[in-house]
Trainee: 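Got a structure here, written out as structure tokens. Questions coming.
On a predicted model such as this, the values are computed, not experimentally measured, just so you know. The basis for the numbers below is simple: all heavy atoms, side chains too, and nothing from hydrogens, waters or symmetry mates.
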Amino acid sequence: MTSATPPAEKSPPSAPAEAAPLISIRGIWKKLGGQDVLKGFDLDVPTGQTTVILGRSGGGKSVLLKHIIGLMKPDKGEVLVDGESIVPLSERQLSRVRKKIAILFQSAALFDSMTVEDNIAFPLREAGMKDLGEIDAKVAHALELVDLAGEQQKMPEKLSGGMRKRVGLARAIVTEPRCILYDEPTTGLDPIVADSINRLIRRLQKRLGITSIVVTHDMKSAFHVADQVAYLYDGRVYFSGTPEALRASTDPLVHDFIEGRSRELRSDE
């Protein structure tokens, strides 16, 4: 006999009025390898705010990001960007949507054979920009925004883990997207470097007005950067609310996740 998913906890009404959503996810389902990974996932991502998506490893967070940029299509449901459903769009049509959304991959995904400058300039050149002076200016500005001014000629092998993340982020913002997707941005970093990345995410949101979606299981990161938190459990949004509401939650599933406790191993309590 299968156990029913507990009902979603209602958050206290403590948040200010939300901005209009830049991205809306409506009831998406996705089956992978015969298993339902997403089971009617719903979420609005307010414009100009940072939404953190929490959940266990392997729970579908990265799969969700791939739906937002059209790398995957849902079996059911829809994803809207600026009110437009991207599910029926072709690859050619998706290219204009993807200009609005950049992604910082967990590994930063730099080209090891290219300098920092060429890595950051890559999406500009791919978009057809040819003016070398304009490219150089945009690269320099992006590096200044991530506190790496003057590092254009370094090779990725000479960069620390935190610097690689910053270069990846500079490449993400150089095209001036409206939204950035962060896939586990602090994974593999020591606490001090992770804190600097969290501060950078927050600063870019405030300085550039960028809408951010941060996928993580790092609770310190979540509480630092989030305006809104969504807890993904069993393929659905189990909790949605402010960081303050998340801290105040008495729901056992939410509380155990925050505290990093496994319910299966607590039989002796």
Trainee: Less than 4.5 Å apart, any side-chain heavy atom of Q152 and any of D136?
Mentor: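 Result no, sub-4.5 Å side-chain heavy-atom pair not found.
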Trainee: Say you draw a straight line from CD of E151 to CZ of R166; how long is it, rounded to the nearest 0.5 Å?
Mentor: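 Interatomic distance, E151 CD to R166 CZ, rounded to 0.5 Å: 11.0 Å.
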Trainee: Could you tell me if the side chain of V167 sits less than 4.5 Å from the side chain of P156, heavy atoms only?
Mentor: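 Counting from C-beta outward, P156 and V167 never come under 4.5 Å.
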Trainee: Can you tell me how far the CD1 atom of I120 sits from the CD1 atom of I135, to the nearest 0.5 Å?
Mentor: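 With rounding to 0.5 Å, CD1 (I120) is 12.5 Å from CD1 (I135).
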Trainee: Membership question, hydrophobic clusters at under 4.5 Å side-chain separation (ILVMFWY): are V215 and L32 in the same one?
Mentor: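 L32 clusters together with V215.
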Trainee: What distance do I28 atom CD1 and D75 atom CG have between them, rounded to the nearest 0.5 Å?
Mentor: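 Spacing of CD1 (I28) from CG (D75) equals 9.5 Å.
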Trainee: Which heavy atom of A102 sits nearest to which heavy atom of P177, and what is that distance?
Mentor: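 The pair with the smallest heavy-atom distance is CB-CG, 3.8 Å.
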Trainee: Roughly how far, to the nearest 0.5 Å, is the CE atom of M219 from the CD1 atom of I258?
Mentor: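 One finds 5.0 Å between CD1 of I258 and CE of M219.
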Trainee: Pair up each side-chain donor or acceptor in residues 202-211 with any protein partner under 3.5 Å, not counting sequence neighbours, and list the distances.
Mentor:
residue: R202; atom: NH1; partner: Q205; partner atom: OE1; Å: 2.9
residue: R202; atom: NH1; partner: V225; partner atom: O; Å: 2.7
residue: R202; atom: NH1; partner: D227; partner atom: OD1; Å: 3.4
residue: R202; atom: NH1; partner: D227; partner atom: OD2; Å: 3.3
residue: R202; atom: NH2; partner: D227; partner atom: OD1; Å: 3.0
residue: R203; atom: NH2; partner: L145; partner atom: O; Å: 3.2
residue: R203; atom: NH2; partner: D147; partner atom: OD1; Å: 3.2
residue: R203; atom: NH2; partner: D147; partner atom: OD2; Å: 2.9
residue: Q205; atom: OE1; partner: T50; partner atom: OG1; Å: 3.3
residue: Q205; atom: NE2; partner: G48; partner atom: O; Å: 2.8
residue: Q205; atom: NE2; partner: D227; partner atom: OD2; Å: 3.2
residue: T211; atom: OG1; partner: G48; partner atom: N; Å: 2.7

Trainee: Going by distance alone, is a donor N or O of one side chain under 3.5 Å from an acceptor N or O of the other, for Q228 and T51?
Mentor: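 The answer is yes; a qualifying pair exists.
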Trainee: Indicate yes or no: at least one non-hydrogen side-chain atom of L54 is less than 4.5 angstrom from one of F239.
Mentor: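 L54 does not reach F239 side chain to side chain.
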Trainee: Using the rule side chain to side chain contact (heavy atoms under 4.5 Å, CB included), only one of I103, I201, I101, L169 pairs with I180; which is it?
Mentor: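 Checked I103, I201, I101, L169 against I180; only one passes side chain to side chain contact (heavy atoms under 4.5 Å, CB included): L169.
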Trainee: Which atom pairs, donor and acceptor, lie under 3.5 Å between side-chain atoms of residues 34-42 and protein residues at least two apart or in another chain?
Mentor:
residue: D36; atom: OD1; partner: K31; partner atom: NZ; Å: 3.3
residue: K39; atom: NZ; partner: D234; partner atom: OD1; Å: 2.8
residue: D42; atom: OD1; partner: G27; partner atom: N; Å: 2.8

Trainee: Taking a hydrophobic cluster as the set of Ile, Leu, Val, Met, Phe, Trp and Tyr residues connected by side-chain heavy atoms closer than 4.5 Å, whether directly or through intermediates, do V87 and M72 fall within one such cluster?
Mentor: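 V87 and M72: separate clusters.
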Trainee: Restricting to non-hydrogen atoms, name the atom on L232 and the atom on G59 that form the minimum distance, rounded to 0.1 Å.
Mentor: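 Residues L232 and G59, closest heavy atoms: CD2-O, 3.4 Å.
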Trainee: Is there side-chain contact between I25 and I68, with heavy atoms separated by less than 4.5 Å?
Mentor: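 A side-chain contact under 4.5 Å exists here.
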Trainee: Treat each ILVMFWY residue as a node, draw an edge where side-chain heavy atoms are under 4.5 Å apart, and state whether F105 and L65 are in one component.
Mentor: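 In one cluster with F105: L65, yes.
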Trainee: Excluding sequence neighbours, so at least two apart, what forms side-chain contact (heavy atoms from CB on, under 4.5 Å) with R178?
Mentor: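 Counting only residues at least two positions away or on another chain, R178 forms a side-chain contact (heavy atoms from CB on, under 4.5 Å) with L22, T47, D82.
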Trainee: Got E117 and Q153 here, is their nearest side-chain heavy-atom distance under 4.5 Å?
Mentor: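 Contact flag for E117/Q153 side chains = yes.
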Trainee: With rounding to the nearest 0.5 angstrom, report the CD1 to CG distance, I192 to D195.
Mentor: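 Answer for the CD1-CG pair, I192 versus D195, is 8.5 Å.
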Trainee: Check whether any side-chain heavy atom of L64 lies under 4.5 Å from a side-chain heavy atom of I213, and answer yes or no.
Mentor: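 SC-SC contact between L64 and I213 ruled out.
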Trainee: Would you please name every residue forming a side-chain contact (heavy atoms from CB on, under 4.5 Å) with V193, sequence neighbours left out?
Mentor: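 Once residues adjacent in sequence are excluded, the partners of V193 under the side-chain contact (heavy atoms from CB on, under 4.5 Å) criterion are L189, D190, S196.
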Trainee: Does the K61 side chain pair with the main chain of R56, one donor and one acceptor, at a distance under 3.5 Å?
Mentor: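 At least one qualifying donor-acceptor pair exists.
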Trainee: With a cut-off of 6.0 Å (strictly less than), are more than 12 heavy atoms of other residues, nucleotides or ligands near NZ of K66?
Mentor: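 Open.
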Trainee: Can you name the nearest heavy-atom pair linking D44 to S24, along with the distance?
Mentor: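 Result for this residue pair: OD1-OG, 2.8 Å.
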Trainee: Could you state the interatomic distance from CD (E157) to CZ (R164), rounded to the nearest 0.5 Å?
Mentor: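 If we round to the nearest 0.5 Å, E157:CD and R164:CZ are 9.5 Å apart.
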Trainee: Taking the side chain as everything from C-beta on, heavy atoms only, tell me whether I86 gets closer than 4.5 Å to L94.
Mentor: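 Yes. Closest side-chain heavy atoms under 4.5 Å.
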Trainee: Any cation-pi pair here, R247 with F223, using under 6.0 Å and within 45°?
Mentor: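 Relative to the ring axis of F223, which defines the angle, R247 lies inside both limits.
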Trainee: Which atom pair, heavy atoms only, marks the closest approach of H217 to G55?
Mentor: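 Looking at all heavy atoms of both residues, the closest pair is CB-O, 3.8 Å.
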Trainee: Does R92 offer a backbone N or O that forms a donor-acceptor pair with the side chain of S95 under 3.5 Å?
Mentor: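 Here the side-chain-to-backbone pair exists.
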Trainee: Considering all heavy atoms of both residues, which atom of N198 and which atom of S221 are nearest to each other, and what is their separation?
Mentor: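 Shortest heavy-atom contact: OD1-OG, 2.7 Å.
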Trainee: State plainly whether one hydrophobic cluster holds both L200 and L159, where clusters connect Ile, Leu, Val, Met, Phe, Trp and Tyr through side-chain heavy atoms under 4.5 angstrom apart.
Mentor: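 Shared cluster, yes.
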Trainee: Does any non-hydrogen side-chain atom of E84 lie less than 4.5 Å from one of Q93?
Mentor: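 SC-SC contact between Q93 and E84 ruled out.
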Trainee: Would you mind checking if K165 and E184 are paired as a salt bridge, meaning a charged N to carboxylate O distance below 4.0 Å?
Mentor: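 No, no charged N to carboxylate O under 4.0 Å.
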Trainee: Okay, side chain of R171, backbone of P123: is any donor-acceptor separation there less than 3.5 Å?
Mentor: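 No.
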Trainee: List the residues meeting side-chain contact (heavy atoms from CB on, under 4.5 Å) with A226, not counting sequence neighbours, and say none if there are none.
Mentor: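 Here the qualifying residues are V52, V229, P243.
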Trainee: Is there a path of hydrophobic side-chain contacts, each under 4.5 Å between heavy atoms of I, L, V, M, F, W or Y residues, that connects V97 with L71?
Mentor: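 V97 and L71: one cluster.
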Trainee: Would you please classify the geometry between the Y238 ring and the Y231 ring as parallel, tilted or perpendicular, with 30° and 60° separating the classes?
Mentor: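 Ring orientation, 0 to 90° scale: perpendicular.
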Trainee: Run the side-chain contact (heavy atoms from CB on, under 4.5 Å) test against E134 and tell me which residues pass, sequence neighbours left out.
Mentor: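 Once residues adjacent in sequence are excluded, the partners of E134 under the side-chain contact (heavy atoms from CB on, under 4.5 Å) criterion are M129, D131, K138.
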